[in-house]
Amino acid sequence: MALTSKFAPEDPVQQDKAWCEYVESLQGTDLPFEAQWNTFQGIFSLRTEEDGPPVVWTPDETTRTCSNIYASMQSLGIPSYADFHAWSVRNKPAFWQHVLDRLGIVFTKPPETILDIANGVEQPCWFSGAEMNIIDSCFTAAADKPAIISRSEDNEILSVITYGELERLVNRIANGIRDLGIEPETPIALYMPMTVECVAAYLGIIRARCVAVSIADSFSAIEVNTRMRIAGARHIITVDHYIRAGKTMTMYDKVLEADVPVAIVIPSKDSTVSLRNDDLLWDVLLSSEVSSPSVAGDPYCPINILFSSGTTGEPKAIPWTHLTPLKSAMDGHYHHDIHADDVVAWPTNIGWMMGPWLIYASLINGATMALYEGAPHTAGFARFVQQAEVSMLGVIPSLVRVWRTGHATEDADWSRIRLFSSTGEPSNRYDQLWLMSRTGYRAPVIEYLGGTEIGGGHLTCTVLQPASPSTFTTPALGTDCVILDEKGQPVDEGHTGELFLIPPSIGLSQTMLNRDHNEVYYADCPSDPYGETLRRHGDQTLRLHKGFYRAQGRADDTMNLGGIKISSMELERVIESHEAIYESAAVAIQPEGEGAEQLVVFAVLDHEVDSETLRQDLKTMIVRQLNPLFKIYDLIITQDLPRTASNKLMRRTLRTRYQEIEHK
């Protein structure tokens, strides 16, 4: 029975205790979540902002003492997490040396120094004199240990590939790349779902010292062509088609439409794909059985080109180096507490940073990766999580909402899950609390905010700190930040500002292919109150009381739609190609004041047209030219768009205007 404010505890400590006791009382019951939510609201009905957000999970002694963070603190003689974080940012060379030792990072030639900032914190030199290939660090686990557990949505049988088997496959691919005469440093694109073959191809490309070009499998032929052009890639590895949510997703046809010079095609079962003259089947790439030593080089050699949409029409091309995976693996080790006996699943794609992140965070930590080929919003995926005995499950908030509303997890046993993580877009308390309820509130949600240009997160949580739904508890280890208001001053508790990073840190990009890196991240940035150089990132962040934070979306004109980052200008380019539209503005709003961003389109018409017809036209155009996952939440026909004196479109004003109208 839900508590009313009349009977709710006034003291915040007693509120947290009351929730803990309530959770204990739920064990073995089957109370509907709506009743649990009502009780949550009742218990915390007298909570004030100054009390901090409601605490719904606190680590027990076993969780705390068995964590990777605790092990490091013990070995270093550091008494508290706050002290550990402070040490990690004040003594970065010592911290990263400790990380190298903890993760067992393999160097062909060890570094002479860990960090040199003679050229400034914007362009630090990490591991000078070292030689390495990060793929070597992915195969330090025992050869007979499971590396990947997988299955497809049309087959209930699990497949398991060990570390030894995966490395042999990676070696065959690396040898096949060399046998084809492809030179080191050549960019090779990957355009396919996240499968065993995709992971092996990714690792094989880098082991051969070529550069993997990550392209999401949901992208249109136009977007494939754009990314291939930016990266300078002539080769692409793809599949002819695959099944998702019962539908056939054609890939090779899009490659042909994108006019890619050379495609290496993985045929589907019983496939009769007909190739162009210069294209090759996957088996040709696997011709060599001999071992394949990694081609080592400078840690700054590019290994992967990923794309992140900015505030201009063309996506930003961000090179990852052999250094970047260290950030991914470190975040996995400490903030996601990944151990060698964990099974890690995260519905993602090689085209987004969480695809490579999942590979490195799993393999460098010696854990097992769980891959599902198909639609993750279905009951089939929920059963796969149970079958594979997943212990760490990553999500995006919009996926959680689909699970909840579609009842996809009702028949699945998720008792092996000990930790969730959520990234890609702002979450909301209702859905995150529902997610925790799937494990009887045993598993916390590690909120994880970062970016492609970071190689991981800058705001996150730990298993040593209490958790509150949809909030962050700490900057990531080895990373520090400051939240500034519009006057460049640090915000007080209870206020929102723009988050800036304090460089240097491993993982932070230092170059871009198609932008001036300094212009994007450092030009016109304010200094912090102590005069330190700051790096722009673009997240609006609410500094809550008691050391918590909440994401408030982007400060610039970039948005996250379904966990995919895209610029307003990319959307507007497509929208304004409609013959009835004179000009447009694409903005992201949070309809409930928190949670997933939704796309609202403001349109000035060139001539009159039925609004519903226009909305359907725009939907079709966005699906075909950008991504079928992008949905229009609302279409507003307007007479004009607000602009500055210099004619810059004021999208922030439109966001505010829309939210004011919506809440009337």
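- Every residue two or more places apart in sequence or in another chain was checked for a ring pair (Phe, Tyr, Trp, His ring centres under 6.0 Å) with Y522, and none qualifies.
- Counting heavy atoms of neighbouring residues, nucleotides and ligands inside a 6.0 Å radius, atom NZ of K109 does not exceed 12 of them.
- A donor-acceptor distance shorter than 3.5 angstrom exists from the side chain of K327 to the backbone of G457, with no hydrogens or angles considered.
- Taking A82 as the reference, S80 meet the side chain to side chain contact (heavy atoms under 4.5 Å, CB included) condition, with sequence neighbours excluded.
- Residues satisfying the side-chain hydrogen bond (donor to acceptor under 3.5 Å, both in side chains) criterion with T533, sequence neighbours excluded, are absent altogether.
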Check against ring pair (Phe, Tyr, Trp, His ring centres under 6.0 Å), W346 and F420: CA-CA 10 Å; W346 205 312; F420 296 102; over 10 Å; no
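- Between the side chains of T113 and S128, at least one donor-acceptor pair of N or O atoms lies under 3.5 Å.
- Aromatic rings of H322 and W126 (six-membered ring for Trp) have centroids beyond the 6.0 Å cut-off, not under it.
- For the residue pair N171/R207, the side-chain donor-acceptor check at 3.5 Å is satisfied.
- Residues meeting the salt bridge (charged side-chain N to carboxylate O under 4.0 Å, His left out) test with R234, sequence neighbours left out: none.
- The stretch residues 341-364 participates, sequence neighbours left out, in these salt bridge (Lys or Arg N to Asp or Glu O under 4.0 Å) pairs: D342-R418.
- Residues R172 and N175 bring no donor and acceptor atom of their side chains to less than 3.5 Å of each other.
- E185 meets the salt bridge (charged side-chain N to carboxylate O under 4.0 Å, His left out) test with R209; sequence neighbours excluded.
- Pairs passing the ring-ring contact (aromatic ring centres under 6.0 Å, His included) check and including a residue from residues 98-117, sequence neighbours excluded, read F107-F127.
- Scored by the side-chain hydrogen bond (donor to acceptor under 3.5 Å, both in side chains) test, T162 finds E165 as partners (sequence neighbours excluded).
- H335 and T462 share no side-chain donor-acceptor pair at under 3.5 Å.
- Between T108 and E131, the side chains place no donor N or O within less than 3.5 Å of an acceptor N or O (distance only, hydrogens not considered).
- D337 and S67 share no donor-acceptor pair across their side chains, judged by distance under 3.5 Å alone.
- Between F84 and Y334, the ring center distance clears the sub-6.0 Å criterion.
- Counting only distance, with no hydrogens or angles, the side chain of H235 and the backbone of T186 share no donor-acceptor pair below 3.5 Å.
- Not counting sequence neighbours, the partners of Y202 by the side-chain hydrogen bond (donor to acceptor under 3.5 Å, both in side chains) test are N304, Y360.
- With salt bridges taken as basic N to acidic carboxylate O contacts below 4.0 Å, none links E447 and R550.
- Partner S509 forms a side-chain hydrogen bond (donor to acceptor under 3.5 Å, both in side chains) with one of E453, H517, K316 and no other, that one being H517.
- Under the side-chain hydrogen bond (donor to acceptor under 3.5 Å, both in side chains) criterion, S137 pairs with no residue at all, not counting sequence neighbours.
- Side-chain N or O atoms of T321 include none that pairs as donor or acceptor with a backbone N or O of Y300 at under 3.5 Å.
- Partner L501 forms a side-chain contact (heavy atoms from CB on, under 4.5 Å) with one of L534, D480, I454 and no other, that one being I454.
- Not less than 6.0 angstrom separates the ring centroid of F307 from the ring centroid of W352.
- Between H537 and Y521, a ring centre-to-centre spacing not shorter than 6.0 Å is recorded.
- Looking at residues two or more places apart in sequence or on another chain, you find a salt bridge (charged side-chain N to carboxylate O under 4.0 Å, His left out) between E223 and R227, R573.
- By the salt bridge (charged side-chain N to carboxylate O under 4.0 Å, His left out) test, E183 is found to be paired with no residue, residues two or more places apart in sequence or in another chain being considered.
- Side-chain contact of T471 with Y549: a donor-acceptor pair under 3.5 Å is absent, judged by distance alone.
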